[in-house]
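Reviewing the structure listed below.
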Amino acid sequence: SGSTSEKSRTLALILKDAPIDNAKNIWVTVSQIKVHMASPDSFIVVSNTEQKFDLLYLKNNPTAIAQATLEAGHYNQIRMPVVSGKIVFVENGKDVEYPLDVPSDEIKIPVQFEIKAGGTTQIILDFDAENSIHVTKKGKSDSYSLRPVIHVEGIQ
């Protein structure tokens, strides 16, 4: 067994978005970010800070959302518990907000990646808002739900 510095390296997560056209903002607040290490089978919290993202802002502004030192090894999932969400439209010149329901209360991203000794593993996640936002017609008002579609754009 070597020292901790020989076994652990850095993970950097970056989030961006390809947005839907008619919304002004899509706000999602997550309470933490955690990754799943395949062996031993465990989740490791990489950020315990509540973070609020405007998914439409991410289109042109990829944002680092977590950086942590992890044990070298194979990882196979990222999870982000969702605290709240809302979608904002401009209607008659005014911002109108609608709640954004997240049925699972968690964003789950199946992604296979390795943390290797001696460097940084960077993962770029593309949050596909256009395919993640679902509208349910309810009489005169609509309801919005978020079923996250996230593509892994790159692992370096």
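The structure presented is a predicted model; accordingly, all values stated were derived computationally and were not measured.
In this structure Ser31 satisfies the side chain to side chain contact (heavy atoms under 4.5 Å, CB included) test together with Pro81, Val83, sequence neighbours excluded. Under the side-chain hydrogen bond (donor to acceptor under 3.5 Å, both in side chains) criterion, Gln112 pairs with His74, sequence neighbours left out. Judged as a side chain to side chain contact (heavy atoms under 4.5 Å, CB included), and not counting sequence neighbours, Ser39 has no contacts. Under the side-chain hydrogen bond (donor to acceptor under 3.5 Å, both in side chains) criterion, Asp95 pairs with Lys24, sequence neighbours left out. For Tyr144, the ring pair (Phe, Tyr, Trp, His ring centres under 6.0 Å) partners at least two apart in sequence or on another chain are Phe89, Tyr98. Scored by the side chain to side chain contact (heavy atoms under 4.5 Å, CB included) test, Ala66 finds Leu13, Ile33, Val46, Ser47 as partners (sequence neighbours excluded). Qualifying side chain to side chain contact (heavy atoms under 4.5 Å, CB included) partners for Asp41, counting only residues two or more places apart in sequence or in other chains: His36.
Note: the hydrophobic cluster containing Val96 also contains Leu55 (ILVMFWY, side chain heavy atoms under 4.5 Å, direct or indirect links). Under the 4.5 Å side-chain heavy-atom criterion for Ile, Leu, Val, Met, Phe, Trp and Tyr, Ile44 and Leu11 are members of the same hydrophobic cluster. Each of Val90 and Tyr57 belongs to its own hydrophobic cluster when Ile, Leu, Val, Met, Phe, Trp and Tyr are linked at side-chain heavy-atom distances under 4.5 angstrom.
Contact annotation: the side chain of Glu50 approaches that of Thr29 to within less than 4.5 Å [non-hydrogen atoms, C-beta and beyond]. Proximity of Ile78 to Val35: side-chain heavy atoms (C-beta onward) are separated by under 4.5 Å at one or more points. For the pair Val30/Ile65, no side-chain contact is recorded, criterion being any heavy-atom separation below 4.5 Å from C-beta on. Within the 4.5 Å cutoff, side-chain heavy atoms of Ile133 are placed close to those of Leu146. Counting heavy atoms from C-beta on, the side chains of Val152 and Leu125 come closer than 4.5 Å.
Of the possible donor and acceptor atoms, none in the side chain of Ser145 sits under 3.5 Å from a partner among the backbone N and O of Ser143. The backbone N or O of Ile150 sits nowhere less than 3.5 Å from a side-chain atom of Asp128 that would complete a donor-acceptor pair. With hydrogens and angles ignored, the 3.5 Å screen pairs a side-chain donor or acceptor of Thr121 with a backbone N or O of Glu114. Ser132 places a side-chain N or O within donor-acceptor distance of the main-chain N or O of Val149, the cut-off being under 3.5 Å.
Residue Met37 comes nearest to Ala72 through the heavy atom pair CE-O, 3.5 Å, listed as atom of the first residue, atom of the second, then distance.
If you chain together ILVMFWY residues whose side-chain heavy atoms come under 4.5 Å of each other, Val88 ends up grouped with Trp27.
Of the inter-residue distances, the one linking Thr120 atom OG1 with Gln156 atom CD reads 11.0 Å to the nearest 0.5 angstrom. Atom OG of Ser84 is separated from atom CG of Asp105 by 11.0 Å, given to the nearest 0.5 angstrom. Rounded to the nearest 0.5 angstrom, Ile123 CD1 and Phe113 CZ are separated by 4.0 Å. In this structure, the separation between CD1 on Ile124 and NE2 on His151 is 14.5 Å, given to the nearest 0.5 Å.
Residue pairs meeting the salt bridge (Lys or Arg N to Asp or Glu O under 4.0 Å) criterion with at least one partner in residues 77-90, sequence neighbours excluded, are Arg79-Glu106, Lys86-Glu97.
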